[in-house]
Amino acid sequence: WIDSKMRLLQLFLLFLFLACATSLQSVSLTLKRSKPHPNVVFGHDDPKVMENAVMEYLQKYEEKTEVLGASHDVKMGGNINPLGIYYVQVTVGTPPQTVNVAVDTGSYTFVVPGPQCKGCPKAPSKYDYTKSSTYSSFGCSGCQGCDSAGRCTWSNTYQTCNLSDTTQPCTISGFACSDVFSLGDLKSKGTTRLGVITFQTANFQQLYVIDGIIGFSKGKTFGQEAQIFQLVKEGQISKKFGMCFDSKSQHGGVLTLGDPDESLRVGDYQSTPFVSNTAAYVIEMKDILIGGVSINAPSWVYTYTAGGTIVDSGTNIILLPNELFNPLRNTILSFCSSKKLKGMCGLAAGTTLFDGKCFKMTQADLNQYPPLTFSYKGESTMKLESNQYLLPKVGDSSSYCLGIQNSGKHGLFIIGDTTMEGYYSVFDLVSQKLLWAPVNKNNCKGL
């Protein structure tokens with residue numbers, strides 16, 4: 001009985017998420033939430049505070065990514081706060097030119113800034129295709145557009161790219177080309193197709209530090225699969241990759257290419273199958289529990305959009321559709337009879353954490369909040385402690401905001417970096433399963 005117009009809108013949003021073969025989409029940056037609150041989670045009401053935090057990060061960590069060795073493990077930079085994303089170094093061209101790119105399981109795009117990029121910050125590295133002997137352009141068939149040089153062109157607009165005001169859209173555009181690349185200690189045996197950014201709006205804060213984006217999901221751009229699958233087809237790695245985040249230092253982590261690095265986990269794996277026939281990495285959730293208490297949402301909600309829950313390393317928080325967001329809020333409020341939950345209990349409607357407000361909290365206040373548990377198909381679970389879903393505000397680390405946002409009626413359900421933070425996660429595309437085990441904090445070292 002779903003309204004037909006709403007269903008059409010739903011399918012359109014899903015189409016944007018999965019993108020198409022002729023466009024470059026990175027909607028994990030685009031669709032982090034459809035009804036954003038202006039000063040929530042990682043943002044600040046003073047844009048200068050947010051900009052200073054990101055630039056301070058840049059000065060501390062730029063040009064420090066490194067390869068760990070022949071195991072195809074690559075150290076990552078980045079964090080959940082204030083950058084809101086994780087990245088690795090890749091090289092493009094001959095001789096190789098180094099750029100930092102976001103590791104994004106929510107898209108299958110590879111885009112880097114060009115030498116004459118208008119609006120790109122001075123700090124990030126650029127890919128100067130004119131200096132690469134292996135560069136080539138290709139025609140405009142099946143592309144968004146064509147420039148005067150006969151090159152395939154594209155343009156994308158994103159949301160939640162400006163962390164001081166998440167309502168601001170950001171745009172990048174450019175042309176597509178082919179060139180060789182390397183990721184970690186793996187070098188492509190042939191060329192790959194990528195987008196060269198020639199224009200970027202100045203408010204794209206996530207690209208102050210990171211040069212571009214490399215997608216890991218299963219779709220195609222310009223008729224080609226993501227670069228991870230090119231390495232698989234070339235026989236360089238098995239059809240698997242994984243990642244963990246350095247929760248000790250709150251910076252960086254490790255990306256593994258091919259077979260898992262078992263030193264990055266402690267204990268046994270849990271697993272759940274990927275939903276078939278989707279470009280995104282979608283798993284089927286069965287229930288959400290807070291403090292062991294089910295939110296009692298109807299089962300259809302968990303699979304209504306995109307067929308289930310999207311696992312996206314390019315999203316830093318958790319997005320819940322309205323049909324799950326409200327039951328979660330009500331279940332947390334039910335704890336107020338026995339707990340003093342600052343930011344929730346005894347407050348007027350519209351003034352709680354679930355309404356985009358942030359509150360001064362001590363560790364004792366955080367400890368009052370119960371753990372959040374996701375239950376998946378196959379009797380497997382992921383558990384988040386309160387400090388994984390209550391997150392410090394940029395510019396005021398004593399204030400905490402809710403790292404869970406409402407994606408709207410019948411909206412997308414996405415779990416991102418905060419959910420993955422406590423685990424070594426393996427995307428096993430041989431068995432078509434997501435595996436995870438508690439992370440070995442001593443071995444998962446970022447930059």
Side-chain angles (χ1 to χ4, degrees), residues 19-27 29 87-104 107-122 124-158 170-184 186-201 204 207 210-234 236 279 314:
C20 66
T22 61
S23 69
L24 290 170
Q25 297 287 347
S26 180
V27 290
L29 299 176
Y87 63 91
V88 293
Q89 274 190 353
V90 300
T91 69
V92 185
T94 306
Q97 301 175 44
T98 302
V99 289
N100 293 328
V101 289
V103 176
D104 187 10
S107 73
Y108 35 84
T109 65
F110 184 22
V111 291
V112 295
Q116 305 300 324
C117 178
K118 296 180 180 179
C120 289
K122 293 181 180 179
S125 303
K126 308 294 192 295
Y127 160 59
D128 189 345
Y129 57 92
T130 66
K131 295 180 179 179
S132 173
S133 63
T134 44
Y135 158 85
S136 65
S137 62
F138 54 90
C140 301
S141 177
C143 295
Q144 289 182 6
C146 194
D147 67 12
S148 59
R151 299 176 302 193
C152 183
T153 60
W154 53 273
S155 178
N156 292 323
T157 297
Y158 303 83
C170 313
T171 297
I172 57 176
S173 60
F175 66 91
C177 71
S178 296
D179 211 334
V180 296
F181 77 98
S182 70
L183 177 57
L186 299 169
K187 297 180 180 180
S188 66
K189 296 179 180 178
T191 60
T192 196
R193 291 184 171 187
L194 67 148
V196 178
I197 304 170
T198 58
F199 170 79
Q200 176 179 310
T201 52
F204 209 138
L207 295 186
I210 302 168
D211 307 320
I213 303 163
I214 187 166
F216 280 73
S217 66
K218 296 172 285 183
K220 291 185 177 181
T221 300
F222 301 120
Q224 178 187 295
E225 290 182 300
Q227 284 63 40
I228 185 74
F229 299 109
Q230 179 173 341
L231 296 173
V232 171
K233 287 183 176 179
E234 292 175 348
Q236 300 201 53

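Side chains are part of it too, since the values below use all heavy atoms of this structure and drop only hydrogens, waters and symmetry mates. Values in this document were obtained by computation on a predicted structure and should not be read as measured data.
- Separating the CG atom in Asp104 from the CZ atom in Phe216 is a distance of 9.5 Å, to the nearest 0.5 Å.
- Taking 4.5 Å as the limit, every side-chain heavy atom of Leu183 sits out of range of all side-chain heavy atoms of Gln227.
- Annotation: ring pair (Phe, Tyr, Trp, His ring centres under 6.0 Å) contacts of Phe181 (sequence neighbours excluded): none.
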Please report the C-alpha distance between Thr94 and Thr134 in whole Å, then the side-chain angles of each, then the deciding distance to 0.1 Å, and finally whether the side chain to side chain donor-acceptor pair (under 3.5 Å) criterion is met. CA-CA 6 Å; Thr94 306; Thr134 44; 2.9 Å; yes

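- Contact check for Gln236 versus Lys189: side-chain heavy atoms found under the 4.5 Å cut-off.
- Aromatic ring centres of Phe175 and Tyr129: separated by under 6.0 Å.
- Side chain of Gln144 to backbone of Ser155: a donor-acceptor contact under 3.5 angstrom is found.
- Checked against the 2.5 Å cut-off, the SG-SG distance between Cys140 and Cys146 falls under it.
- Listed by first then second residue, pairs satisfying salt bridge (charged side-chain N to carboxylate O under 4.0 Å, His left out) with a partner in residues 127-155 read Asp128-Lys131, Asp147-Arg151, not counting sequence neighbours.
- Considering OG of Ser132 and CG of Asp179, their distance stands at 3.5 Å, rounded to 0.5 Å.
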Between Val112 and Val101, does the side chain to side chain contact (heavy atoms under 4.5 Å, CB included) criterion hold? Intermediate values first, please. CA-CA 8 Å; Val112 295; Val101 289; 4.0 Å; yes

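- Lys233 meets the salt bridge (charged side-chain N to carboxylate O under 4.0 Å, His left out) test with Glu225; sequence neighbours excluded.
- Screening Leu194, Thr192, Thr191, Val92 against Cys177 for a side chain to side chain contact (heavy atoms under 4.5 Å, CB included) leaves a single residue, Leu194.
- Residues Tyr127 and Asp211 have side chains that never bring a donor and an acceptor to within less than 3.5 angstrom of each other.
- Inter-residue side-chain proximity for Phe138 and Cys152 is flagged as met; some heavy-atom pair is nearer than 4.5 Å.
- Thr201 places a side-chain N or O within donor-acceptor distance of the main-chain N or O of Thr171, the cut-off being under 3.5 Å.
- Shown here are the side chain to side chain contact (heavy atoms under 4.5 Å, CB included) partners of Ser182, two or more places apart in sequence or in another chain: Thr91, Lys187.
- Under the ring pair (Phe, Tyr, Trp, His ring centres under 6.0 Å) criterion, Phe229 pairs with no residue at all, not counting sequence neighbours.
- Of all the heavy atoms in Pro121 and Lys126, the pair that sits closest is O-NZ, 2.9 Å.
- Under the 4.5 Å side-chain criterion, counting only non-hydrogen atoms from C-beta, Glu234 is in contact with Ser188.
- Inter-residue side-chain proximity for Ile213 and Ser107 is flagged as met; some heavy-atom pair is nearer than 4.5 Å.
- A distance-only check finds no donor-acceptor pair linking the side chain of Gln200 to the backbone of Cys120 [under 3.5 Å].
- The two residues Ser217 and Ala279 make their nearest non-hydrogen contact at CB-O, 3.4 Å.
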Decide side chain to side chain contact (heavy atoms under 4.5 Å, CB included) for Tyr87 and Val103; before the verdict, give the C-alpha distance in whole Å, the side-chain angles of both, and the deciding distance to 0.1 Å. CA-CA 5 Å; Tyr87 63 91; Val103 176; 5.5 Å; no

Give the C-alpha distance, both sets of side-chain angles, the deciding distance and a yes or no for side chain to side chain contact (heavy atoms under 4.5 Å, CB included) between Val88 and Asn100. CA-CA 6 Å; Val88 293; Asn100 293 328; over 6 Å; no

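- Pairs passing the salt bridge (charged side-chain N to carboxylate O under 4.0 Å, His left out) check and including a residue from residues 89-100, sequence neighbours excluded, do not occur.
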